[in-house]
Amino acid sequence: MRRYGKHTDEDDIRSRPNRKGNRPRTHIRPKHEDAAEGMVLTVDRGRLTCLVGDRTVMAMKARELGRKAAVVGDRVAIVGDLSGRKDTLARIVRIAERTSVLRRTADDDDPYERVVVANADQLAVVTALADPEPRPRLIDRCLVAAYDGGLSPLLVLTKSDLAPPDKLLELYGDLDIPYVVTSRAELESGEAADRVREHLDGRVTAFVGHSGVGKTTLVNALVPEERRRTTGHVNAVTGRGRHTTTSALALPLSGADGWVIDTPGVRSFGLAHVDPSRVIHAFPDLEPGTEGCPRACSHDEPDCALDAWVAEGNADPARLYSLRRLLATRERPEDD
């Protein structure tokens with residue numbers, strides 16, 4: 001093997017020829033200091049629709065981002081053709097740090113987590129009171145995902161003309177979650193959208209719910225300029241609707257300052273990615289009582305310090321029950 005000394009002649013060094021005849025490769029990436037800031041509105045087969053200023057720009061992810069993917073709600077840096085004209089394509093070169101992330105897995109045994117929405121302030125969990133029947137375990141799972149991802153929850157109960165909301169609201173009364181109850185007549189008149197809009201002003205809100213509950217119908221009422229096709233049909237045998245929203249889409253809220261993100265209907269909401277120890281942070285009135293818990297306490301075991309702490313009158317026992325119900329939601333089927 002030939003070795004070179006300190007003073008080598010350039011003719012002695014072999015260089016790999018560049019077959020394409022262009023400039024040699026380099027690991028030094030441009031800083032893109034002149035990149036424009038944008039927000040991802042929707043993602044479709046590798047193409048990302050972004051809002052840059054007042055223009056809608058089509059973009060793709062730059063190679064230097066590697067496996068890091070941008071999702072709806074991401075704040076990104078974009079270079080290239082930002083005109084927004086047809087058949088133009090820009091590049092996303094940076095993804096800003098996220099303030100919140102809504103994740104889910106296909107089921108509780110699936111190790112692959114899917115990021116649904118980034119940078120949302122609020123998660124609106126939409127469920128019908130009848131046709132289809134409400135699924136409390138699915139609601140619980142959405143609440144756990146919201147608390148884990150840093151989003152504030154909002155309950156939106158639809159079709160109150162078919163069933164009263166009292167029984168379902170009783171399950172979540174101790175969680176102090178804001179809620180809105182709507183009927184089909186109120187939805188048609190626009191009254192439902194007005195009451196929901198009061199909770200959305202100044203916020204980025206992601207809407208989630210299983211098919212047939214009227215989620216996209218409500219989004220259409222909130223953003224009439226961007227109507228999305230709704231199900232209009234619930235299977236009489238399964239009690240579930242068909243998926244019509246196939247991708248998440250961010251839309252500017254009409255009549256207020258905020259954003260609405262419509263997400264595809266879900267039939268399951270896996271929580272394999274959730275660390276149960278983080279759920280306690282959503283219960284600030286109970287969190288001080290965990291100081292006496294043993295290490296790695298699940299807060300649902302015989303020597304948990306919360307039992308004695310609550311028994312001493314430091315917090316409402318119903319709140320501890322609600323915490324443990326949410327923590328146990330991974331062990332219970334969603335349709336229970």
Side-chain angles (χ1 to χ4, degrees), residues 100-104 108 120-129 133-158 160 163-182 195-196 198-200 203 205-209 269 271 273-336:
S100 68
V101 177
L102 177 65
R103 301 182 178 94
R104 77 180 185 95
D108 289 343
D121 306 307
Q122 185 171 233
L123 180 66
V125 183
V126 185
T127 187
L129 294 166
E133 293 297 316
R135 297 165 60 188
R137 296 291 76 79
L138 179 60
I139 298 174
D140 288 352
R141 287 167 171 265
C142 292
L143 294 179
V144 170
Y147 292 140
D148 180 72
L151 290 78
S152 301
L154 169 69
L155 286 180
V156 180
L157 308 182
T158 63
S160 63
D166 307 62
K167 185 176 179 180
L168 189 62
L169 288 175
E170 186 178 352
L171 284 174
Y172 301 99
D174 296 313
L175 289 173
D176 297 326
I177 300 174
Y179 64 88
V180 181
V181 180
T182 70
R195 287 195 281 116
V196 172
E198 295 176 1
H199 295 269
L200 311 183
R203 293 185 166 192
T205 304
F207 280 69
V208 67
F269 208 106
L271 298 174
H273 63 285
V274 173
D275 182 353
S277 66
R278 296 199 296 262
V279 180
I280 187 65
H281 300 319
F283 293 78
D285 52 334
L286 297 178
E287 199 166 5
T290 63
E291 294 180 0
C293 287
R295 187 175 182 179
C297 179
S298 67
H299 306 309
D300 193 13
E301 50 194 64
D303 54 350
C304 176
L306 283 174
D307 290 292
W309 194 77
V310 170
E312 293 171 359
N314 294 300
D316 189 342
R319 290 281 288 168
L320 179 58
Y321 170 77
S322 296
L323 167 66
R324 287 177 171 167
R325 191 185 80 215
L326 293 182
L327 288 172
T329 193
R330 286 180 58 177
E331 281 73 45
R332 292 177 296 179
E334 294 178 21
D335 294 322
D336 284 357

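Note that these values count all heavy atoms, side chains included, but never hydrogens, waters or copies made by symmetry.
Side-chain atoms of Arg195 come within 3.5 Å of backbone atoms of Val181 as a donor-acceptor pair (strictly under, hydrogens ignored). Using modelled atom types, no side-chain atom of Thr329 and backbone atom of Asp140 make a donor-acceptor pair closer than 3.5 Å. For the pair Arg104 (side chain) and Leu271 (backbone), a donor-acceptor distance under 3.5 Å is absent. Checking side-chain atoms of Arg203 against main-chain N and O of Asp121 turns up no donor-acceptor pair under 3.5 Å.
Pro134 places none of its side-chain heavy atoms less than 4.5 Å from the side chain of Lys167. The closest side-chain heavy-atom distance from Thr205 to Leu123 is not below 4.5 Å. Side-chain contact between Thr127 and Arg135 is absent, with no heavy atoms from C-beta onward closer than 4.5 Å. In this structure, Leu326 and Phe283 have side chains that are in contact, with non-hydrogen atoms separated by less than 4.5 Å. Using a 4.5 Å heavy-atom cutoff, the side chains of Ile280 and Leu323 are in contact.
Here the shortest heavy-atom pairing between Leu169 and Leu157 reads CD2-CD1, 3.6 Å. Closest approach of Ser298 to Leu327, counting heavy atoms only: O-CD1, 3.5 Å. When every heavy atom of Cys304 is checked against every heavy atom of His299, the shortest pair comes out as SG-CA, 3.5 Å. Residues Gln122 and His199 come closest through the heavy atom pair NE2-O, 3.0 Å. Residues Tyr172 and Arg325 share a closest heavy-atom pair of CE2-NH2, 3.2 Å. Across every non-hydrogen atom of Gly289 and Leu306, the tightest pair is C-CD2, 3.8 Å.
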Distance-only check: which donor-acceptor pairs under 3.5 Å involve side-chain atoms of residues 144-156, not counting sequence neighbours?
{"unit_1": "Asp148", "atom_1": "OD1", "unit_2": "Arg278", "atom_2": "NE", "d": "2.6"}
{"unit_1": "Asp148", "atom_1": "OD1", "unit_2": "Arg278", "atom_2": "NH2", "d": "2.7"}
{"unit_1": "Asp148", "atom_1": "OD2", "unit_2": "Arg278", "atom_2": "NH2", "d": "3.2"}

Which atom pairs, one a donor and one an acceptor, fall under 3.5 Å between side chains of residues 311-321 and the rest of the protein, sequence neighbours left out?
{"unit_1": "Glu312", "atom_1": "OE1", "unit_2": "Asn314", "atom_2": "ND2", "d": "3.4"}
{"unit_1": "Asn314", "atom_1": "ND2", "unit_2": "Trp309", "atom_2": "O", "d": "2.8"}
{"unit_1": "Asp316", "atom_1": "OD1", "unit_2": "Ala318", "atom_2": "N", "d": "3.0"}
{"unit_1": "Arg319", "atom_1": "NE", "unit_2": "Asp285", "atom_2": "OD2", "d": "2.8"}
{"unit_1": "Arg319", "atom_1": "NH1", "unit_2": "Asp174", "atom_2": "O", "d": "2.8"}
{"unit_1": "Arg319", "atom_1": "NH2", "unit_2": "Asp285", "atom_2": "OD1", "d": "2.9"}

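No more than 12 heavy-atom neighbours from other residues, nucleotides or ligands sit within 6.0 angstrom of CD on Glu170.
For the atom pair His281 NE2 and Leu286 CG, the distance stands at 13.0 Å (nearest 0.5 Å).
No donor-acceptor contact under 3.5 angstrom links the side chains of Glu287 and Thr290, judged on distance only.
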>> Could you walk me through whether Leu168 and Leu129 satisfy the side chain to side chain contact (heavy atoms under 4.5 Å, CB included) test, starting with their C-alpha distance in whole Å, then the side-chain angles of each, then the deciding distance to 0.1 Å, before giving a yes or no?
In response: CA-CA 8 Å; Leu168 189 62; Leu129 294 166; 4.0 Å; yes
